[in-house]
2 protein chains.
Amino acid sequence: MLEAAVERGRQVLPGVTLVRAGEPMAALFVVRSGSAKRYSVTLEGTEQVHGFILPGEAVGLEGFAGGRYLCEVSALEALHYCRVPMRKLEQLLERLPGLRREILRLLGQALDEAQRLHGELAQRDARGRVAHFLADLSERLARRGLSPTEFRLSMNRADIASHLGLTLETISRALSAFKREGWLRVRARDISVLRPEALAALGSGCA
Amino acid sequence: MLEAAVERGRQVLPGVTLVRAGEPMAALFVVRSGSAKRYSVTLEGTEQVHGFILPGEAVGLEGFAGGRYLCEVSALEALHYCRVPMRKLEQLLERLPGLRREILRLLGQALDEAQRLHGELAQRDARGRVAHFLADLSERLARRGLSPTEFRLSMNRADIASHLGLTLETISRALSAFKREGWLRVRARDISVLRPEALAALGSGCA
DNA sequence: AGCGGCACTTGACGCAGATCAAATTTGCGC
DNA sequence: GCGCAAATTTGATCTGCGTCAAGTGCCGCT
């Protein structure tokens with residue numbers, strides 16, 4: 001769908017910032033492989049992590065709000081991506097009704113995810129949030145054909161904590177608890193999910 | 001911009017549900033006067049409030065994700081709104097580049113607000129969240145030319161609590177605390193903001 | 001291989017906010 | 001205006017998570 005307008009084959013190293021808050025929105029990005037974190041910097045200079053971007057997902061959608069990016073996005077791993085310049089995108093939107101629907105779908109989906117996240121987090125306790133985070137990650141990986149039960153976390157505990165509104169110690173304790181109960185195997189950033197149903201249940205509401 | 005496609009003059013009474021999760025997205029709504037709450041119903045049957053809709057704001061944007069609405073929206077007060085049928089909207093998107101940009105802007109803005117909300121809530125304590133809620137409401141009212149310092153809450157404490165991830169008792173205590181400190185006058189659902197700067201500061205990060 | 005630093009884990013303790021319970025206020029129908 | 005049910009406030013207690021602090025293990029560097 002987007003193929004016609006794509007600039008292919010770009011890549012960056014871990015730690016590199018793809019877009020910065022306040023920059024004019026020159027292009028839309030789609031991640032091909034690797035992962036990134038989306039965050040903003042608060043007045044006090046601390047990072048607030050809004051979410052993580054996996055292969056197949058878009059970067060910079062909030063830029064449509066006012067023609068400027070509103071968060072920072074930086075690579076957590078070596079990242080391949082493609083880039084659709086806005087100028088080109090606008091021309092294509094003129095001609096391709098399918099592309100219009102596709103872009104609206106992406107935005108609607110992102111909006112739904114953001115709202116759903118807010119809801120989930122607002123209600124659940126620490127373990128429920130971590131379970132939800134893992135179940136969500138697992139599902140998104142599966143959607144791209146990657147293993148939903150064996151994966152490596154590309155972000156550190158502090159990033160997860162910021163994203164979930166917890167502290168890094170609490171993340172660590174939750175993971176240890178899941179390990180103790182036989183739901184996970186955890187070795188540093190490598191995760192094996194042993195009881196996906198248990199995680200999913202805890203993450204989406206059942207006590 | 002949307003004027004050409006609008007069906008005007010519809011209205012509903014408080015408590016009426018405008019759209020339901022799962023229904024096909026037949027139209028986009030814009031609220032003209034009154035207010036509504038956007039929420040979803042969890043597996044256990046409890047409501048999770050995602051946000052409140054004020055005059056000038058759109059209903060049903062997440063529907064773009066898959067052609068179906070994903071939350072329920074119901075009126076908190078007598079509500080006037082207009083309705084743009086999707087069929088009509090798609091035709092117009094074909095012809096009006098300005099309208100395309102406007103719809104994308106609305107979605108981008110909604111996305112940004114959802115993400116920003118998540119960030120704000122994840123970090124702040126109970127009083128900070130309530131302050132943020134009031135400051136946000138105040139700003140949105142001002143944007144529509146309504147008084148930012150004298151207003152009536154159209155939602156009950158439980159709805160605010162659900163939205164902010166707190167309990168209704170905590171909402172009540174926070175309001176009482178602000179009253180005691182001379183930042184607000186509170187009488188049931190009528191609010192007078194006496195020190196908007198104090199609320200805004202507490203709501204956006206300064207301890 | 002050995003060292004140093006950083007990411008993570010684990011423990012002890014205190015407090016903000018949840019929970020349970022009761023009193024008070026508000027607003028609506030008659 | 002009266003009375004009742006629902007909404008809100010206030011109080012007392014309990015608990016999960018944040019905070020501070022001390023390990024432990026992992027990885028890259030020389």
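Reminder, nothing fancy here: chain letters follow the sequence lines and each chain counts from 1.
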In whole angstroms, how far is the [atom2] atom of [N] from the [atom1] atom of [X]?
{"X": "A:L202", "N": "D:dG16", "atom1": "CG", "atom2": "P", "answer": "14 Å"}
{"X": "B:I160", "N": "D:dT8", "atom1": "CD1", "atom2": "P", "answer": "8 Å"}
{"X": "B:I191", "N": "D:dT8", "atom1": "CD1", "atom2": "C1'", "answer": "12 Å"}
{"X": "B:L153", "N": "C:dG27", "atom1": "CG", "atom2": "P", "answer": "12 Å"}
{"X": "B:R152", "N": "D:dA7", "atom1": "CZ", "atom2": "C1'", "answer": "12 Å"}
{"X": "B:N156", "N": "D:dA7", "atom1": "CG", "atom2": "C1'", "answer": "8 Å"}
{"X": "B:I171", "N": "D:dT10", "atom1": "CD1", "atom2": "C1'", "answer": "15 Å"}
{"X": "B:L164", "N": "C:dA18", "atom1": "CG", "atom2": "P", "answer": "11 Å"}

Report each atom pair, protein N/O against N/O of nucleotides 10-16 of chain C, whose distance is under 3.5 angstrom.
unit_1, atom_1, unit_2, atom_2, d
C:dT10, OP2, A:S176, OG, 2.6
C:dG11, N7, A:R173, NH1, 2.9
C:dG11, O6, A:R173, NH2, 3.2

So which of A:L137, A:D190, A:L76 actually passes side chain to side chain contact (heavy atoms under 4.5 Å, CB included) with A:L153?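 Only one of A:L137, A:D190, A:L76 forms a side chain to side chain contact (heavy atoms under 4.5 Å, CB included) with A:L153, namely A:L137.
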Students often get this wrong, so: under 4.0 angstrom with heavy atoms, is A:G128 touching a base, only sugar-phosphate, or nothing?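 A:G128: no heavy atom of the nucleic acid under 4.0 Å.
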Scan A:H50, A:E62, A:R38 and name whichever one has a side-chain hydrogen bond (donor to acceptor under 3.5 Å, both in side chains) with B:Q115.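 One option only clears the test, and that one is A:R38.
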Any carboxylate oxygen within less than 4.0 angstrom of a Lys/Arg side-chain nitrogen, looking at B:R129 and B:D125?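 B:D125 and B:R129: not salt-bridged.
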May I ask you to say whether A:E90 pairs ionically with B:R101, meaning some side-chain N is under 4.0 Å from a carboxylate O?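 Salt bridge present between A:E90 and B:R101.
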Any chance the side chains of A:E72 and A:T17 put a donor and an acceptor closer than 3.5 Å?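 No, because no side-chain N or O of A:E72 sits under 3.5 Å from a partner of the opposite role on A:T17.
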Quiz question: by atom type and distance under 3.5 Å, do the side chains of A:Q48 and A:T42 form a donor-acceptor pair?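 Side-chain D/A pair, A:Q48 to A:T42: absent.
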Reading DNA chain D from 5' onward, which residue's closest nucleotide shows up sooner: A:R187 or A:G165?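 Its nucleotide being nearer the 5' end, the pick is A:G165.
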Donor-acceptor contact present, side-chain A:H118 to main-chain B:H163, <3.5 Å: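 Side chain of A:H118 to backbone of B:H163, a donor-acceptor pair under 3.5 Å: yes, one is there.
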Please determine, for the side chain of A:L166, which listed nucleotide (D:dT9, D:dG18, C:dA7) has the closest atom?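 For A:L166, the side-chain atoms sit closest to D:dG18.
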Just N and O in the side chain of B:R189: are any of them under 4.0 Å from OP1 or OP2 of C:dT26?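 Answer is no, no contact under 4.0 Å.
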